[in-house]
Amino acid sequence: MPAPTSPADLFRHSLRLLLDKDIPAWVALWAEDGVMEFPFAPDGWPRRLEGKEAVAAYMRHYPDHIDLHDFPELRIHRTTDPETIVIEMRGIGRLVESDAPFDMTYIAVVTVRDGHFTSYRDYWNPLAVQEPGADFTGSSR
């Protein structure tokens, strides 16, 4: 089944893949030159990933550290650019290492071209990564 091509449908599909812990399929939704940015990333964490390979490396071990259960409160807003959406959402689950609850609120600005993510700016709370077991990126903090 081909991936959806509208930005909102592609984003919803990507969340399903994250819940299914299918990181290779999630990465396959990215354009080769796609860029993922984390404007609020704390020191030692990546702020910009350039290219599909960098995104894949970043996400490779995500399910080993964060066990996502649901994305309640998902709101997708259209913009004046039909390829760009703004997402408000909450991700809940647990941190695998400590079994502590994981509850993160996100705002993301996502651009999709030709059925692939080309830009994903992820505005998340950097204080949440201070929890033991939250660091899946190999940061230097």
Side-chain angles (χ1 to χ4, degrees), residues 1-79 81-141:
M1 177 177 110
T5 57
S6 84
D9 289 345
L10 185 71
F11 192 82
R12 283 187 192 93
H13 179 65
S14 77
L15 294 181
R16 180 77 255 155
L17 294 173
L18 288 176
L19 291 173
D20 291 345
K21 299 168 185 33
D22 191 346
I23 300 305
W26 187 86
V27 170
L29 301 178
W30 281 80
E32 289 300 323
D33 61 349
V35 174
M36 189 169 204
E37 296 176 278
F38 308 97
F40 296 150
D43 289 341
W45 282 64
R47 291 187 191 271
R48 183 177 172 93
L49 305 170
E50 295 189 27
K52 186 182 214 173
E53 286 185 29
V55 171
Y58 176 81
M59 291 295 292
R60 185 167 289 120
H61 299 292
Y62 189 92
D64 298 331
H65 298 276
I66 299 174
D67 177 20
L68 289 169
H69 297 164
D70 196 8
F71 291 100
E73 303 168 30
L74 174 66
R75 283 193 235 128
I76 299 176
H77 306 277
R78 293 184 184 150
T79 69
D81 177 350
E83 296 179 321
T84 300
I85 54 176
V86 175
I87 297 102
E88 296 178 87
M89 68 179 185
R90 188 170 148 225
I92 59 171
R94 69 179 181 90
L95 298 175
V96 174
E97 181 181 310
S98 65
D99 204 36
F102 177 81
D103 191 337
M104 177 78 76
T105 301
Y106 302 86
I107 293 178
V109 179
V110 177
T111 301
V112 172
R113 286 196 185 89
D114 300 323
H116 292 93
F117 294 126
T118 57
S119 175
Y120 191 126
R121 281 189 313 266
D122 194 358
Y123 296 89
W124 53 275
N125 179 0
L127 298 176
V129 298
Q130 295 175 354
E131 289 288 324
D135 184 358
F136 64 92
T137 67
S139 71
S140 61
R141 53 177 182 103

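Side chains included, hydrogens not; waters and symmetry mates left out as well; all remaining heavy atoms used.
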Taking the side chain as C-beta and beyond, is there a heavy-atom pair between Val110 and Pro7 under 4.5 Å? no
Heavy-atom side-chain proximity of Val109 to Thr84 below 4.5 angstrom: yes
For Thr105, enumerate each residue passing the side chain to side chain contact (heavy atoms under 4.5 Å, CB included) test, keeping only those at least two apart in sequence or located in another chain. Arg90
Tell me the closest heavy-atom pair linking Tyr58 and Pro46, and the distance in Å. CE1-CG, 3.6 Å
Tyr120 vs Phe11 aromatic rings, parallel, tilted or perpendicular, using cut-offs 30° and 60°? tilted
Closest approach of Ile92 and Pro72, non-hydrogen atoms and distance? CG1-CD, 4.0 Å
Under the side chain to side chain donor-acceptor pair (under 3.5 Å) test, residues paired with Arg94 that sit two or more places apart: Asp67, Asp99
Where the side chain of Thr118 meets the backbone of Thr111, is there a donor-acceptor pair that is under 3.5 Å apart? yes
Inter-residue atom distance Leu15.CG - Phe71.CZ, 0.5 Å rounding: 5.0 Å
Side-chain donor-acceptor contacts of residues 24-36 below 3.5 Å, not counting sequence neighbours, with atom names and distances?
residue, atom, partner, partner atom, Å
Glu32, OE2, Lys52, NZ, 3.4

Side chain to side chain contact (heavy atoms under 4.5 Å, CB included) filter on Arg12, not counting sequence neighbours, yields Ala8, Asp9, Leu74, Ile76
Which distance, rounded to the nearest 0.5 Å, do you find between the CG of Leu95 and the CD1 of Ile66? 6.0 Å
Partners meeting side chain to side chain contact (heavy atoms under 4.5 Å, CB included) with Glu88 (sequence neighbours left out): Arg75, His77, Ile107
Quick one: side chain to side chain donor-acceptor pair (under 3.5 Å) partners of Glu50, sequence neighbours excluded? Arg48
If a pair satisfies salt bridge (charged side-chain N to carboxylate O under 4.0 Å, His left out) and one of its residues is in residues 108-123, list it, with sequence neighbours excluded. Glu83-Arg113
Mind checking ring pair (Phe, Tyr, Trp, His ring centres under 6.0 Å) for Tyr106 and listing every partner two or more places apart, or none if nothing turns up? none
Under the rule for side chain to side chain donor-acceptor pair (under 3.5 Å), what residues qualify as partners of Arg60, not counting sequence neighbours? none
Which residues pass the side chain to side chain donor-acceptor pair (under 3.5 Å) test with Ser14, not counting sequence neighbours? none
Above 12 or not: heavy atoms from other molecules or residues under 6.0 Å from CZ of Arg78? no
How many angstroms lie between atom CD1 of Ile23 and atom CG of Leu17, to the nearest 0.5 angstrom? 8.5 Å
